[in-house]
2 protein chains.
Amino acid sequence: MTAKKVLVVDDELSIREMLRLALEISDFECVEAADIHEAYRRVTDDQPDIVLLDWMLPGGSGIELLRRLKKEEATKTLPVIMLTAKTHEDNVIQGLEVGADDYITKPFAPKELIARMKALLRRTAGEKSGSELKVGDLVLEIDSRRVVLEDKRLEMGPTEFNLLHFFMSHPERAYSRAQLLDQVWGTNVYVEERTVDVHIRRLRKALQARNAAYAELIQTVRGTGYRFSPRDLVVL
Amino acid sequence: MTAKKVLVVDDELSIREMLRLALEISDFECVEAADIHEAYRRVTDDQPDIVLLDWMLPGGSGIELLRRLKKEEATKTLPVIMLTAKTHEDNVIQGLEVGADDYITKPFAPKELIARMKALLRRTAGEKSGSELKVGDLVLEIDSRRVVLEDKRLEMGPTEFNLLHFFMSHPERAYSRAQLLDQVWGTNVYVEERTVDVHIRRLRKALQARNAAYAELIQTVRGTGYRFSPRDLVVL
DNA sequence: TCGGCTTGTCACAGAATTGTCATCGAACTG
DNA sequence: CAGTTCGATGACAATTCTGTGACAAGCCGA
């Protein structure tokens, strides 16, 4: 496996140096940023595999960056470990609710940090998105956010795209409306569960553009939710 | 969405009670075990969604259980949070390396624990292994909530599915109607016991789709209740 | 600021599921 | 064998769940 790239976001030079040392010993590649804006740029430029994010940063709290990362589609799944000197657990909770994947309070043992990073990377292994998802004649172009069915482009809203994206990454599996809201809309947004139904309908409608049979890709699992099932599709 | 089931493994009664309270407030269903063996049994019987595992346990260290869980295919992806009074970080590291998904040291704030649990469940949502239960030609696809018998899909309602799910996880054992109501319908719902009969009938009917003999998978235990007994099935 | 697109919610109609009953037959008791 | 108890079954009405069209509010680029 190639070395994982770590983005360290902290304004204290001494901490960054300590981390760099620890990370390099453990075979991680290390990229650093001292403030929010630099951090954001590095995320897009360097495409790290994991982010270590300090709570206190010049130019805005680290949690703002976290919120931003978790909001955008491209960075939503990027693992983030928050670092902080504050021990008040409300911070921890807030961080975790916004979407931090782990939380460590300073001072911490470098070995523990490394262990947590490895645990986190192990969990998220094998998830990164290729640039295209294909199921039969249905192609999801992730980067350009386009959907092509039988060589013809399908029109659909952003939410429908995200929904289809999620479904195509997890086929043949039933999801509850709550799970879909979590996965597609993101956590801590309050939306009615029935809203999912409506978007399912919109997605089905979009899929029907070529052939009504394609609507059956999205199946209703009564009492549970919905399922994307290419297996059942009999295309002509 | 149905409540997530949490298995709490700790030998201290006071801790278990504290956790039970905290968990139920946060809408988790709570199952408890005081030692390794009970814990292991509960993992297979109750199929929790997440495990809170104390480090120190009678009958063997919690890490043994962790190792065992992470070794077996069926439980490999079950999220585990280790709890411990020991602060020595080597424990943390050892725990994380064996495969714990998170680690919290006592004393901890219940809110933080809950937040970590939610973060963990969010990460692992929709990823647990494509588990299925097989009994001869009868396959229960748990993730997709489908039932396949002799390669043909069976149609049945949600309750029948849950019932069959429970039966297939606990074969060759007789359950009273009250027990079935508890396990399948969930506690604190008041339903007539006779209702179970009706659903048993519906399930049998569904199983007959291919061959009448399959109805005998569900046996009546007069005076007691019902039993799922693949052992007695003579398929042609 | 003005349209066009998206979104989240509702209300209503149509389906599917569920819990109960009444009845019938089988099994058990003595 | 008659009397009881217990389970199977079909029917049914209430309840729950989904599909769908409509709509107002929000967002964004022009």
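The chains referred to below are lettered A, B, ... by the order of the sequence lines, with proteins before strands, and numbering in each begins at 1.
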Next item on the list: For the pair F228(B) and F167(B), name the ring-plane relationship: parallel under 30°, tilted 30 to 60°, perpendicular over 60°.
Entry: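 Geometry flag for F167(B) against F228(B): parallel rings.
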Next item on the list: Applying salt bridge (charged side-chain N to carboxylate O under 4.0 Å, His left out), name anything that partners R16(A), two or more places apart in sequence or on another chain.
Entry: E32(A)
Margin query: The criterion is salt bridge (charged side-chain N to carboxylate O under 4.0 Å, His left out); which residues satisfy it with D54(A), sequence neighbours excluded?
Written below: K106(A)
Next item on the list: Decide salt bridge (Lys or Arg N to Asp or Glu O under 4.0 Å) for D197(A) and R202(A); before the verdict, give the C-alpha distance in whole Å, the side-chain angles of both, and the deciding distance to 0.1 Å.
Entry: CA-CA 9 Å; D197(A) 295 33; R202(A) 290 170 181 159; over 6 Å; no
Check: Just how far, in rounded Å, is P of dT18(D) from CD1 of I218(A)?
Finding: 15 Å
Next item on the list: Let me know the distance between CZ of R145(B) and C1' of dC17(D), rounded to the nearest Å.
Entry: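 Taking atom C1' of dC17(D) as the reference, CZ of R145(B) is at 14 Å.
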Next item on the list: Output yes when at least one side-chain N/O atom of T220(A) is less than 4.0 Å from OP1 or OP2 of dG19(D), else no.
Entry: yes
Margin query: Taking only side-chain N and O atoms of Y226(B), does any of them lie within less than 4.0 angstrom of OP1 or OP2 on dC6(D)?
Written below: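 So the side-chain polar atoms of Y226(B) never come under 4.0 Å of the phosphate oxygens OP1 or OP2 of dC6(D).
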Note to self: So if I take the C1' atoms of five pairs at each end of the helix from dT1(C)-dA30(D) to dG30(C)-dC1(D) and get each local axis, what angle do the two axes make, rounded to 10 degrees?
What the structure shows: 40°
Next item on the list: If a protein heavy atom is under 4.0 Å from the base, mark B; if only from the sugar-phosphate, S; if neither, -; do that for nucleotides 22-30 of chain C going 5' to 3'.
Entry: -----BS--
All N/O contacts under 3.5 Å from nucleotides 28-30 of chain D to the protein, with atom names and distances to one decimal?
none

Checklist line | Trace of the side chain to side chain donor-acceptor pair (under 3.5 Å) decision for S144(B) with R173(A) | finding: CA-CA 4 Å; S144(B) 63; R173(A) 178 174 175 136; over 6 Å; no
Every protein N/O lying under 3.5 Å from an N/O of nucleotides 6-8 of chain C:
from   : atom 1 : to      : atom 2 : distance (Å)
dT7(C) : OP1    : P158(A) : N      : 3.4
dT7(C) : OP1    : T159(A) : N      : 2.8
dT7(C) : OP1    : T159(A) : OG1    : 2.6
dT7(C) : O5'    : T159(A) : OG1    : 3.2
dG8(C) : OP1    : W185(A) : NE1    : 3.1
dG8(C) : OP2    : W185(A) : NE1    : 3.4
dG8(C) : OP2    : H199(A) : NE2    : 2.7
dG8(C) : O6     : R202(A) : NH2    : 2.7

